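Report on one structure; see the data block that follows.
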Amino acid sequence: MKKIFDFKKVEEKWRDKWFEGDLYKAVDNDKGRKKKYVLVEFPYPSGSGLHVGHAFSFTGGDVYARFMRMQGYNVLFPMGWDAFGLPTENYAIKVKRKPQDVTKENTDSFREEMKSLGFSFDWSREVNTTDPNYYKWTQLIFIKLFEQGLAYKEERPINWCPSCKIGLADEEVVNGNCERCGTKTSKRNISQWIVKITAYADRLIDGLKDTAFIEKVKAAQINWIDKKEWIDITYPIQGTDETVTVATTRPDTNFGATFIVLAAEHPLVGKLIKGKIKTNQDLDEIQKYVKATLDKSELERQKEVSEGEKTGVFTGIYAINHLTKKPMPIWITDFVLGSVGTGAVVGVPGHDIRDFEFAKQFGLEILRVVVGKDGDQSEITDKKQVQEESGVMINSGFLDGKEINEATKLMMDYIEKQGWGTKTVRYHLRDWIFSRQHYWGEPIPMIKCEKCGWVPVKKSDLPIKLPEVERYEPTETGESPLANMQEWVNTICPVCKGPAKRETDTMPNWAGSDWYFVRYVDPLNKEFIADLSKQSYWLPVDTYIGGDEHNTLHLLYSRFIHQFLYDQKAVTTPEPYYQRVSHGVILGSDNRRMSKTRGNVIVPGDVTAKVGSDVARAYLMFIGPFDSTMAWNESALNGVKRFVSRVYSFVADNSKKFKEDGSPEVTHFLNKVNIFSKTALERFQYNTVVAKFMETMNFLDKVGADQVSKANIEDFVLMIAPFVPFVAEELWSMLGNEYSVHAQKWPTPRKTSIVEHSMELPVQINGKVRGRVTISDQISEFELKKLVEEDVLLNRHFEGKLIKKFIYVKGKIVNVVV
RNA sequence: GCCGGGAUGGCGGAAUAGGCAGACGCGCUGGACUUAAAAUCCAGUUCUCGCAAGGGAGUGAGGGUUCGAUUCCCUCUCCCGGCACCA
């Protein structure tokens with residue numbers, strides 16, 4: 001009688017039992033075993049429940065963690081909640097409930113779903129960024145940053161979302177729109193806490209060499225930081241005492257500089273408008289242009305880029321080119337950004353596309369100072385002739401004949417020697433705007449005293465808990481709703497005991513997720529962020545599994561905070577993560593990103609209700625490479641379901657019948673499966689492992705249970721256990737073994753009488769496979785040649801032809817060239 | 001535009017220190033079981049010529065290195081992800 005796999009019964013049987021004991025607990029400071037810290041990015045517990053993307057990446061992590069346990073490692077595989085954030089706040093506003101309560105509900109249901117999916121998290125280490133016992137440390141980190149001069153308050157234009165009524169970091173503005181709600185953002189001046197991440201720019205680059213991140217992740221980080229050597233050149237302005245300082249990375253082309261362009265924000269523009277610098281140009285016109293530019297949003301500016309139109313206005317004043325002594329007209333334009341370099345650029349229209357377009361537009365002089373590979377020395381009249389990236393200098397005095405990179409170095413030294421300018425290193429990376437004007441975040445633990453200025457809260461007063469407020473909406477002024485809480489806001493200065501006010505801004509989402517992996521090491525510690533001896537055992541994270549979308553910012557911010565904590569001797573390693581593994585994305589069955597509006601969202605709960613957790617897990621691991629983009633395919637799910645059912649039935653039906661000795665062929669086959677799976681698992685090639693298990697099942701069915709020994713089948717159950725933990729546990733117990741299969745070691749290949757003495761060797765004629773011959777592994781090349789020549793199927797391909805060459809790659813292939 | 005990744009049957013994908021292309025799954029075709037369907041099981045399934053034996057073509061396009069290239073090199077096309085008037 002065939003036993004049918006009843007996943008509900010099996011899952012219910014084991015689900016809770018696993019968490020009653022210490023099965024998945026990581027043991028601190030276990031010197032007897034090697035440790036492995038496997039981390040998956042903790043989720044934001046949204047109200048809509050676990051997403052299939054979560055199920056996918058967590059399954060990947062879980063398979064790895066289980067495999068590593070079987071390899072004898074002491075595995076730390078924790079889970080927690082990145083629970084601060086706008087969706088919960090917005091939901092709370094909508095249904096008029098406390099975000100704390102909503103969060104509690106969401107995390108409870110997430111945890112239950114995760115247990116149902118069989119994830120082997122060590123729940124004794126669960127953390128929650130919204131727990132005051134957790135954010136106490138997030139706040140302390142901020143205070144430390146402030147004390148080290150790495151956090152400062154500054155009024156500066158920020159991106160403002162009129163809908164969310166919140167200031168956004170540059171990174172949160174996507175194409176001029178709010179990342180969350182899509183509303184067009186504008187600029188607004190607000191006093192913000194800024195964190196000086198740029199102070200760590202070099203170390204963020206250098207530290208990468210101590211990690212095993214894949215190239216694309218390292219590249220993303222380095223490109224984002226984008227360290228370059230610049231030179232700031234100061235030019236005198238004709239007929240005044242004023243100067244203008246431009247910033248450039250390409251001084252080599254300076255002989256070709258014919259104009260200067262200023263950003264609308266440039267101080268010189270202000271002086272001009274106020275009449276402090278004389279000009280014959282129409283001041284009204286200049287003012288009009290400047291105002292229009294400053295009012296423009298990033299989006300509008302970008303639109304103009306795609307249209308390729310350059311705009312600008314002439315100031316009427318000139319700077320003198322040191323090299324050519326020629327006057328260069330100074331213009332104002334919107335394509336120069338105030339926040340980049342010095343906000344002033346020297347225009348070299350021959351060798352910069354933007355400068356060329358600008359010069360064309362306004363009839364400015366275009367000089368050629370670089371010749372490209374094509375040798376074209378003619379006047380530059382077309383965009384295509386503009387040599388930007390490579391070439392050799394001409395018309396450039398002492399630089400003539402030099403290659404541009406060499407010329408750049410020479411010119412930088414020359415300019416410095418002449419006292420015209422100074423070399424400086426700049427980064428694309430900007431300081432980090434750390435303030436949010438919302439309720440559901442960590443309060444920034446700072447107090448503004450009328451006398452003492454900004455002072456941090458006393459450490460003994462931490463955590464500064466979020467007070468319960470009536471309304472969670474941001475205030476009309478754009479301040480956080482905390483600003484309305486007079487009794488909370490008004491406090492006394494920790495230094496002078498005078499009247500003072502609390503900061504009402506809260507921290508950005510990143511704050512809690514920057515250091516959570518440290519807390520997992522020692523989540524209940526009341527005295528310290530995490531005990532140093534426990535840290536030195538567990539850190540760094542060995543394998544960090546996460547999405548590509550976090551490869552730049554999350555990784556950068558979190559590495560920065562970690563490096564800072566290392567300097568403060570609060571953590572034990574200079575880098576937080578050793579290996580970074582990116583998981584792929586699962587698209588809807590329509591091959592498009594899952595979204596509610598498209599109605600193509602797959603929820604893991606629906607899948608597990610139909611086919612059970614094991615099948616869902618195995619399916620997710622099977623549909624494609626772990627790091628690629630895949631589409632959900634319901635019918636492929638059936639294939640995996642079939643496989644799991646077959647395994648179950650095969651073992652269950654024969655559980656009492658497996659003999660001591662099976663066929664050596666079976667052992668031999670399983671040994672190969674073992675070695676293949678082990679290697680593939682180490683490389684996260686899950687899809688090929690599942691495929692190999694399917695192949696194994698096909699093989700077992702073919703040979704029949706009477707050829708399979710008990711040891712064989714136990715080995716197979718052990719190997720599939722990381723993928724299908726419920727079925728494996730059930731079958732393990734059916735086979736009469738003690739609980740639990742998940743506490744077992746990965747099987748060792750077994751001895752078998754089979755040694756491959758003979759093999760089928762493929763034979764190529766002129767590089768094309770034409771047949772095969774059976775050979776013994778002792779065969780000599782001479783014997784083989786004879787064998788091939790006498791083979792009826794093969795020799796007709798070279799009958800009457802001359803064998804020019806006979807190539808035998810031992811154990812692989814033969815190629816006959818005729 | 002820049003950086004990164006990719007392109008293999010009807011589909012998802014296997015196979016790269018250069019060596020049997022298409023593992024495994026889906027789908028499809030035929031068969032068994034069934035009153036029937038589903039489920040399950042068996043056989044087949046890159047395209048193409050051929051009744052067959054067998055032949056020809058074939059890993060985005062073109063070229064190169066090699067006895068031999070999906071794999072290495074050069075040129076190009078398209079797709080995906082990220083960044084972008086960064087001077």
Side-chain angles (χ1 to χ4, degrees), chain A residues 2 4 171 175 214-220 222-224 226 228 230 246-251 253 261 263 298 301-302 304-306 308 310 333-337 339-348 351-355 357-358 388-389 426-428 430 548-549 551-552 582 584-585 591 619 622-625 627-643 645-646 649 676 685 687-698 701 760-772 793 796 804-818:
Chain A
K2 209 173 175 73
I4 303 299
E171 298 86 62
N175 292 329
I214 52 171
E215 258 337 284
K216 83 168 173 185
V217 178
K218 286 190 182 181
I222 290 170
N223 289 343
W224 186 263
D226 195 22
K228 272 189 201 144
W230 295 53
V246 303
T248 180
T249 58
R250 291 293 305 281
T253 58
V261 264
E298 291 288 327
R301 283 198 182 191
Q302 266 176 10
E304 281 155 25
V305 177
S306 56
K310 292 279 182 285
T333 180
D334 61 358
F335 82 80
V336 174
L337 306 176
S339 55
V340 177
T342 57
V345 176
V346 59
V348 185
H351 306 287
D352 182 290
I353 297 279
R354 295 156 306 181
D355 295 351
E357 284 169 349
F358 190 80
E388 281 188 311
E389 302 296 332
R426 282 202 180 85
Y427 306 88
H428 169 253
R430 302 294 149 79
D548 278 346
E549 70 275 22
N551 280 347
T552 312
S582 12
V585 179
N591 228 321
Y619 167 75
F622 179 64
I623 43 175
D627 60 357
S628 77
T629 308
M630 296 146 292
W632 183 261
N633 178 349
E634 203 78 9
S635 58
L637 185 63
N638 284 327
V640 179
K641 188 178 155 197
R642 243 170 245 148
F643 160 70
S645 306
R646 281 171 69 201
S649 299
F676 176 91
Q685 293 162 344
N687 55 331
T688 66
V689 178
V690 177
K692 188 59 88 180
F693 291 160
M694 288 172 166
E695 215 181 318
T696 310
M697 193 56 238
N698 292 342
D701 256 342
E760 290 247 292
L761 190 74
V763 181
Q764 295 182 326
I765 314 288
N766 287 340
K768 187 114 188 137
V769 177
R770 293 296 178 180
R772 50 204 69 228
L793 285 173
R796 59 201 170 100
K804 276 200 225 157
K805 221 169 181 177
F806 187 88
I807 296 148
Y808 173 42
V809 184
K810 199 161 190 290
K812 289 266 190 189
I813 205 161
V814 156
N815 192 12
V816 186
V817 186
V818 297

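Predicted model only: the values in this text are computed from it and were never measured. Labels below follow one simple rule: chain letters A, B, ... track the order of the sequence lines, proteins then strands, and each chain is numbered from 1.
- Regarding contacts with the backbone of B:A87, a side-chain N or O of A:Lys228 is found under 4.0 angstrom from either OP1 or OP2.
- Taking atom P on both B:A7 and B:C72, the two are 11 Å apart, rounded to the nearest angstrom.
- Using a cutoff of 4.0 Å between basic side-chain nitrogens and carboxylate oxygens, A:Arg354 and A:Glu357 are not scored as salt-bridged.
- Using a 4.0 Å heavy-atom cutoff across all strands shown, A:Ile807 reaches at least one base atom of the nucleic acid.
- B:C47 and B:A23 are spaced 12 Å apart, taking the P atom of each and rounding to whole Å.
- Looking only at distances, no side-chain donor or acceptor of A:Asn551 sits under 3.5 Å from a matching main-chain atom of A:Val217.
- B:U66 is unpaired under the Watson-Crick or G-U wobble criterion, no partner having all donor-acceptor distances under 3.5 Å.
- Searching all strands for a Watson-Crick or G-U wobble partner of B:G27 with both distances below 3.5 Å returns B:U45.
- Contact annotation: A:Asn633 side-chain N/O to B:G25 OP1/OP2 distance is not under 4.0 Å.
- No donor-acceptor distance shorter than 3.5 angstrom exists from the side chain of A:Ser582 to the backbone of A:Asp627, with no hydrogens or angles considered.
- Nucleotides of RNA chain B nearest to A:Asp352 and A:Val809 differ in position, and the one nearer the 5' end is that of A:Val809.
- Here A:Asn766 lies out of heavy-atom contact (under 4.0 Å) with every strand.
- Rounded to a whole Å, the CG atom of A:Asn638 is 15 Å from the C1' atom of B:C11.
- Between B:C86 and A:Arg354, a contact under 4.0 Å exists linking OP1 or OP2 to a side-chain N or O.
- Nucleotide B:G9 is shown with a syn base, its glycosidic torsion being within 90° of 0.
- Under the Watson-Crick and G-U wobble criteria, each requiring two contacts below 3.5 Å, nucleotide B:A53 is left unpaired.
- Comparing B:A15 with B:U8, their C1' atoms are spaced 10 Å from each other, to the whole Å.
- Atom NZ in A:Lys692 sits about 9 Å away from atom P in B:C24, given to the nearest Å.
- Proximity note for A:Pro625 (side chain, C-beta onward) versus B:G13, B:G27, B:A87: the nearest is B:G13.
- Following rounding to the nearest Å, A:Ile214 (CD1) and B:G81 (P) show an atom-to-atom distance of 17 Å.
- The backbone N or O of A:Glu634 sits nowhere less than 3.5 Å from a side-chain atom of A:Tyr619 that would complete a donor-acceptor pair.
- Within the 4.0 Å cut-off from OP1 or OP2 of B:C67, at least one side-chain nitrogen or oxygen of A:Lys805 is found.
- In this model, the phosphate group of B:G25 is not approached by any side-chain N or O of A:Asn687 to a distance below 4.0 Å at OP1 or OP2.
- If you check distances only, the side chain of A:Lys310 does reach the base of B:C85 with a donor-acceptor pair under 3.5 Å.
- Which of B:G19, B:C24, B:A84 sits closest to the side chain of A:Trp224 comes down to B:A84.
- Here the nucleotide nearest the side chain of A:Arg770, chosen from B:G58, B:G55, B:C67, is B:G55.
- Comparing B:G4, B:G25, B:G27 by their closest approach to the side chain of A:Phe622 singles out B:G25.
- Under the 4.5 Å side-chain criterion, counting only non-hydrogen atoms from C-beta, A:Arg426 is in contact with A:Thr342.
- B:A17 and B:G6 are spaced 16 Å apart, taking the P atom of each and rounding to whole Å.
- In the interface, the side chain of A:Gln764 is paired with the base of B:G19 through a donor and an acceptor atom under 3.5 Å apart.
- For the C1' atoms, the distance from B:C67 to B:C76 is 29 Å, rounded to whole Å.
- Ranked by how close their nearest RNA chain B nucleotide is to the 5' end, A:Val816 and A:Asn223 are led by A:Asn223.
- To the nearest whole angstrom, the two P atoms, one in B:G22 and one in B:U46, are 9 Å apart.
- Between the P atoms of B:G5 and B:C11, the separation comes to 26 Å (whole Å).
- In this structure, B:C78 and B:G6 make a Watson-Crick or G-U wobble pair, each of the two defining distances being under 3.5 angstrom.
- Listed candidates were B:A15, B:G19, B:G25. Nearest to the side chain of A:Thr688 is B:A15.
- The side chain of A:Val769 lies closest to B:A21, out of B:A21, B:A87, B:G4.
- Summarising the base pairing, B:A84 is matched to no nucleotide, lacking a Watson-Crick or G-U wobble pair whose two defining distances lie under 3.5 Å.
- For A:Phe335, the listed nucleotide lying nearest its side chain is B:A87; candidates were B:G58, B:C41, B:A87.
- Taking a pair to require two hydrogen-bonding distances under 3.5 Å in either a Watson-Crick or a G-U wobble arrangement, B:U16 remains unpaired.
- Listed pair A:Arg642 / B:G25 fails the phosphate criterion, with no side-chain N or O lying under 4.0 Å from OP1 or OP2.
- In the set B:A23, B:C86, B:C41, B:A23 carries the atom at the smallest distance from any side-chain atom of A:Glu695.
- Remark: C1' of B:G25 and CH2 of A:Trp632 are 14 Å apart, rounded to the nearest angstrom.
- When each of A:Ile353, A:Asp352, A:Val261 is checked for a side chain to side chain contact (heavy atoms under 4.5 Å, CB included) with A:Phe358, only A:Val261 meets the rule.
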